[in-house]
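Working notes, beginning with the structure itself.
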Protein chains: 2
Amino acid sequence: MAIGVRDVADAAGVSVGTVSNVLNNPSLVAPATAQRVQSAIDELGFVRNDAARQLRAGRSRTIGLVVLEASNPFFADLARGAEERAYTDGLIVLTANSDDDAVREQVSLDMFQQQRVLGVVISPRADPVRIQRMQEQGTHVVLVERTTTDPTVSSVAVDNIAGGQLAVNHLVTTGRRRIAFVGGPTSIRQVSDRLIGATRAIGSQQGTTLQVVETTNMTVLEGRSAGESIVAMEPSERPDGVFAANDLLAIGVMQALRSGGISIPDDIALIGYDDIDFAMSTEVPLSSIRQPSRKLGHTAVDLLLARVADPDSPAQHIVFDPELAVRESTHSTTS
Amino acid sequence: MAIGVRDVADAAGVSVGTVSNVLNNPSLVAPATAQRVQSAIDELGFVRNDAARQLRAGRSRTIGLVVLEASNPFFADLARGAEERAYTDGLIVLTANSDDDAVREQVSLDMFQQQRVLGVVISPRADPVRIQRMQEQGTHVVLVERTTTDPTVSSVAVDNIAGGQLAVNHLVTTGRRRIAFVGGPTSIRQVSDRLIGATRAIGSQQGTTLQVVETTNMTVLEGRSAGESIVAMEPSERPDGVFAANDLLAIGVMQALRSGGISIPDDIALIGYDDIDFAMSTEVPLSSIRQPSRKLGHTAVDLLLARVADPDSPAQHIVFDPELAVRESTHSTTS
DNA sequence: CGATCGTTATGAATCGTTTCAATCCAATGT
DNA sequence: ACATTGGATTGAAACGATTCATAACGATCG
């Protein structure tokens with residue numbers, strides 16, 4: 001049933017070695033012969049057996065990617081970037097989502113090792129010991145959004161502190177003074193970093209204040225109740241600029257403020273984080289902080305391939321700065 | 001460097017065959033021996049070479065999935081469903097996104113064939129001839145959201161006509177009579193089917209009318225301008241129920257209507273399609289038609305495995321009915 | 001004319017696992 | 001004491017592509 005190089009060789013009247021050369025080193029084969037072999041391939045419908053290739057080669061042409069959630073736009077873009085980069089080298093990316101479950105992550109990693117992937121790009125959890133061992137066994141690892149003490153592991157990340165600063169500086173630049181941070185729980189690293197950045201920005205600006213409205217999660221609903229609590233404030237205490245730790249919260253805040261008769265951006269400016277697709281489609285288009293997720297994926301694969309090419313090269317840690325996306329929700333007050 | 005069965009066998013003082021049996025047929029091995037082998041495996045950090053397994057087995061334990069867009073929630077859920085189903089059989093799903101590009105789709109399919117996947121689940125384009133050939137070469141195919149004349153190819157789909165009927169019937173049931181359909185272009189199959197369903201529902205209900213507001217795409221922005229044109233209508237011509245061909249459009253319509261001082265659902269009831277996460281977070285929670293995407297992925301894998309198990313079994317075509325998700329935007333008029 | 005060189009082509013060996021016919025051994029039956 | 005049974009183990013063959021040392025061949029040169 002299955003057609004192999006042997007069959008192609010027979011059909012073309014050459015040896016198996018020649019068929020292989022047509023496929024992998026065409027320059028070694030006389031054009032006429034190559035043509036004949038190619039015809040045989042087409043005619044018989046020969047499809048290379050990747051398992052056999054890999055076995056011989058000792059490694060696959062594959063990169064493993066473990067994401068927390070495939071449907072999360074951040075990871076979707078990250079994966080996209082990784083695929084694009086891999087594609088230029090003729091590599092393929094296998095994506096597995098762990099759903100933030102340690103067991104599923106383990107299973108995925110085991111799978112990738114069995115497949116002898118060139119390396120793995122992984123974002124979350126991942127027992128440091130496990131990672132160490134993987135590298136010893138020849139599977140390179142690049143961490144996303146997570147640094148480690150292990151100096152032999154490369155990583156890529158975006159600077160959430162810089163993002164927080166960027167957001168608040170922008171609010172201040174557009175004339176806001178009393179800033180509120182909406183987000184939580186602060187046990188989440190990203191959230192606390194963004195808050196640190198916000199605090200830092202406030203500290204470097206005369207006459208500005210920061211208040212924190214903590215939430216229990218990062219949903220539209222929570223944002224709405226945070227917004228309601230802002231509406232309920234004494235007008236004198238009420239902030240004139242709100243920085244939400246993510247866009248969903250920001251959307252909730254926007255809904256509550258507008259229901260409360262507060263104008264955005266005239267009364268209160270509002271900025272979110274993540275720059276989800278939806279940010280530009282809210283009633284007042286939402287300013288946000290954009291993470292270069294695609295570039296992150298791109299770079300992660302770069303780092304991986306660098307270490308594959310030279311296993312002794314030092315691990316690298318690359319941190320990207322997020323970008324500001326200005327929209328109507330933070331336009332300057334119409335004086 | 002790499003540890004193989006040979007090394008494990010030596011370390012445990014048994015033959016390679018026994019090691020293999022510990023891994024694949026533990027019942028054939030004496031418990032004491034199995035234990036000894038297992039220790040050697042752990043100690044040496046032996047990791048099976050999947051390429052060699054597959055080569056011997058002649059096929060992989062893998063299913064290929066080609067989606068139009070990984071970030072599209074519909075496909076993300078589909079993939080999720082497929083993975084869940086595959087997982088119970090110890091299979092893994094390789095996901096590739098074609099970005100609706102025929103070339104990329106071809107590349108992905110080639111790749112899957114080289115990997116000797118058990119079969120492929122694919123949604124779009126796909127040259128019928130190619131599919132035919134793939135099946136002849138032993139790679140089974142299941143189509144998603146696309147039927148074909150080829151009787152040997154299985155498929156799964158959701159019934160968009162039924163969805164359109166469901167939406168409009170719901171509007172009528174809640175007391176609406178003058179329905180507007182917002183969507184387009186009708187060259188898209190899904191859109192035209194939903195419209196057909198809407199028309200059919202109207203036809204079976206006395207005293208109801210349907211007008212169509214055609215759009216050029218399915219974005220929030222387009223929805224907003226469609227909504228504005230509704231606001232601009234003579235109150236006597238204005239619909240009292242709007243069925244949007246997707247949730248993004250519906251959200252745009254909602255924004256425009258509310259800005260125009262029209263109350264939802266009191267003045268106009270609104271229902272969307274797809275039931276995206278965001279539907280429940282709009283200012284007035286949006287009713288929608290939910291596609292059982294996860295179940296679709298689940299079933300696609302089912303069909304695939306059925307044919308793998310018995311290649312001579314007939315192709316099956318399964319069509320799911322969508323479900324109604326009722327939220328505030330279609331609550332009955334407060335009489 | 002024989003030696004030499006470069007281009008093409010060959011095919012046996014190889015990768016690591018699984019499979020399966022053959023072997024071994026202790027226990028049981030006669 | 002010998003044959004039989006069946007559970008446990010063995011190890012060589014097989015999967016299919018790639019590699020590489022070797023050979024074949026014609027052309028060029030001294």
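Every chain is numbered from 1, with letters handed out A, B, ... down the list of sequences.
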If you count every heavy atom of other residues, nucleotides or ligands that lies below 6.0 Å from [X] atom [atom1], does the total exceed 12?
X: B:Gln114; atom1: CD; answer: yes
X: B:Arg36; atom1: CZ; answer: yes
X: B:Asp277; atom1: CG; answer: no

Apply side-chain contact (heavy atoms from CB on, under 4.5 Å) to the pair A:Phe74 and A:Asp274, showing each step before the final yes or no.
CA-CA 8 Å; A:Phe74 174 76; A:Asp274 287 346; over 6 Å; no
Return the value, rounded to whole Å, for the distance between atom CG of B:Asp10 and atom P of D:dT10.
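Taking CG of B:Asp10 and P of D:dT10, I get 11 Å after rounding.
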What is the distance from CZ of A:Arg61 to C1' of D:dT18, rounded to the nearest Å?
13 Å
Does anything in residues 18-35 of chain B come within less than 4.0 Å of DNA chain C? Heavy atoms only, and list the residues if so.
B:Ser20, B:Asn24
Can you name the nearest heavy-atom pair linking B:Val19 to B:Val14, along with the distance?
CG2-CG2, 3.9 Å
So how far off straight is the helix from C:dC1-D:dG30 to C:dT30-D:dA1, going by the axes through five pairs at either end, to 10°?
60°
Any salt bridge linking B:Lys295 with B:Asp302? Criterion: basic side-chain nitrogen under 4.0 Å from a carboxylate oxygen.
no
Note: A:Arg104-A:Asp100 ion pair, threshold 4.0 Å (strictly below):
no
Between protein and nucleic acid, restricted to nucleotides 12-16 of chain D and to nitrogen or oxygen atoms under 3.5 Å apart, what atom pairs and distances do you find?
| from | atom 1 | to | atom 2 | distance (Å) |
| --- | --- | --- | --- | --- |
| D:dA14 | N3 | B:Arg56 | NE | 3.4 |

Check whether B:Ser60 reaches the backbone of B:Arg116 with its side chain - one donor and one acceptor, N or O, closer than 3.5 Å.
yes
Taking the side chain from B:Asn25 and the backbone from B:Leu28, do they hold a donor-acceptor pair closer than 3.5 Å?
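Pair absent, no side-chain N/O of B:Asn25 close to backbone of B:Leu28.
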On DNA chain D, nearest-nucleotide positions of A:Arg6 versus B:Ser15: which is more 5'?
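Nearest nucleotide further toward 5': that of B:Ser15.
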Looking only at side chains, do B:Gln115 and B:Gln54 share a donor and an acceptor under 3.5 Å apart?
no
